[in-house]
Amino acid sequence: MSPIAYYPGCSLRQSSLFYDEQTRTIFQHLQIPLMEIEDWSCCGATSAGKMDEFMAIAMPARNIGIAEYSGYKEMLIPCSACYSRTIVAKQKMLEDKTLSNEINTTLARKVKAEIQILSILDLLIRCHDSGILSEKLVKPLKGLKAV
């Protein structure tokens, strides 16, 4: 499998370090290479989204541009807020060419908005559907009752 760009975001680097470590460990075990994008920045989910619409798109767009410039076709984003902001930014960049051009004039690595943005669930479903997940399952969960 080709390496997938990995954007941990601020939360996974600060208050949710354990979540970052778990994510990396799980996909390493599934032999899916995650490569953290270089020089990533905050997606603005906590501040920019509430204060400035332009920055709310430009901040996650910058990370998309970095991943695309690095040659990745997919980017995994574990944090739900970062994932949401990045999906919105990608869609806005595709829909609004004026905004896209304005943002791209400020970025060193231009955004094409062609990269696929993945959540952990998206990638786990792919692993399930391809059989990778069942191959790595240590203890089958058959017969257990959900609580």
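- Residue S70 holds its OG atom at 8.5 Å from CD1 of I115, rounded to the nearest 0.5 Å.
- Counting only distance, with no hydrogens or angles, the side chain of S100 and the backbone of D96 share no donor-acceptor pair below 3.5 Å.
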Residue pair L124, L30: steps toward the side chain to side chain contact (heavy atoms under 4.5 Å, CB included) verdict: CA-CA 10 Å; L124 286 174; L30 294 172; 4.1 Å; yes
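- When side chains are defined from C-beta on, E36 counts as touching P8, because their heavy atoms get closer than 4.5 Å.
- V111 and A61 get closest at one heavy-atom pair: CG2-O, 3.0 Å.
- Counting only heavy atoms from C-beta outward, the side chains of I32 and C127 approach each other to under 4.5 Å.
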Verdict with supporting geometry, E68 and K110, salt bridge (charged side-chain N to carboxylate O under 4.0 Å, His left out): CA-CA 8 Å; E68 289 181 332; K110 309 304 182 207; over 6 Å; no
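- Here the closest heavy-atom approach between residue P60 and residue A89 is recorded as CG-CB, 3.5 Å.
- In this structure, I66 CD1 and D39 CG are separated by 5.5 Å, a value rounded to the nearest 0.5 Å.
- Here the closest non-hydrogen pair linking M59 and S41 is O-OG, 4.2 Å.
- Taking NE2 of H29 as the start and CG of L133 as the end, the distance is 9.0 Å to the nearest 0.5 Å.
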Evaluation steps, side chain to side chain contact (heavy atoms under 4.5 Å, CB included), between K90 and R85: CA-CA 9 Å; K90 178 184 170 186; R85 287 308 319 155; over 6 Å; no
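- For the pair S84 (side chain) and S80 (backbone), a donor-acceptor distance under 3.5 Å is absent.
- With R62 contributing its side chain and L107 its backbone, the two residues share no donor-acceptor pair below 3.5 Å.
- Using a 4.5 Å heavy-atom cutoff, the side chains of T86 and M75 are in contact.
- Tracing side-chain contacts under 4.5 Å through hydrophobic residues (I, L, V, M, F, W, Y), one reaches I87 starting from Y7; they form part of the same cluster.
- The pair E74-R126 counts as a salt bridge, with a side-chain nitrogen and a carboxylate oxygen less than 4.0 angstrom apart.
- A distance-only check finds no donor-acceptor pair linking the side chain of Y6 to the backbone of R24 [under 3.5 Å].
- Summarising the geometry of I37 relative to A67, their closest heavy-atom pair is CG2-CB, 3.9 Å, with the distance given to 0.1 Å.
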Test side-chain hydrogen bond (donor to acceptor under 3.5 Å, both in side chains) applied to S119 and D122, step by step: CA-CA 5 Å; S119 69; D122 293 326; 3.2 Å; yes
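- In this structure, the side chain of N63 does not engage the main chain of W40 through any donor-acceptor pair within 3.5 Å.
- Separation of atoms SG (C79) and CG (D20) is listed at 11.0 Å; rounding is to 0.5 Å.
- Atom NZ of K112 sits in a sparse spot, with 12 or fewer heavy atoms from other residues, nucleotides or ligands closer than 6.0 Å.
- Heavy atoms from other residues, nucleotides or ligands lying under 6.0 Å from CD of Q28 number 12 at most.
- F54 is listed as a side-chain neighbour of L99, based on a closest heavy-atom distance under 4.5 Å.
- One distance of note links CG of L76 with CE of M35; it measures 13.5 Å at 0.5 Å rounding.
- Proximity of I57 to M93: side-chain heavy atoms (C-beta onward) are separated by under 4.5 Å at one or more points.
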Side chain to side chain contact (heavy atoms under 4.5 Å, CB included) between Y83 and C43, worked out: CA-CA 9 Å; Y83 172 80; C43 72; over 6 Å; no
Worked check of side chain to side chain contact (heavy atoms under 4.5 Å, CB included) between Y19 and I120: CA-CA 11 Å; Y19 186 29; I120 287 179; 3.5 Å; yes
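- A distance of 8.5 Å separates CD in E114 from CG in L94, rounded to the nearest 0.5 Å.
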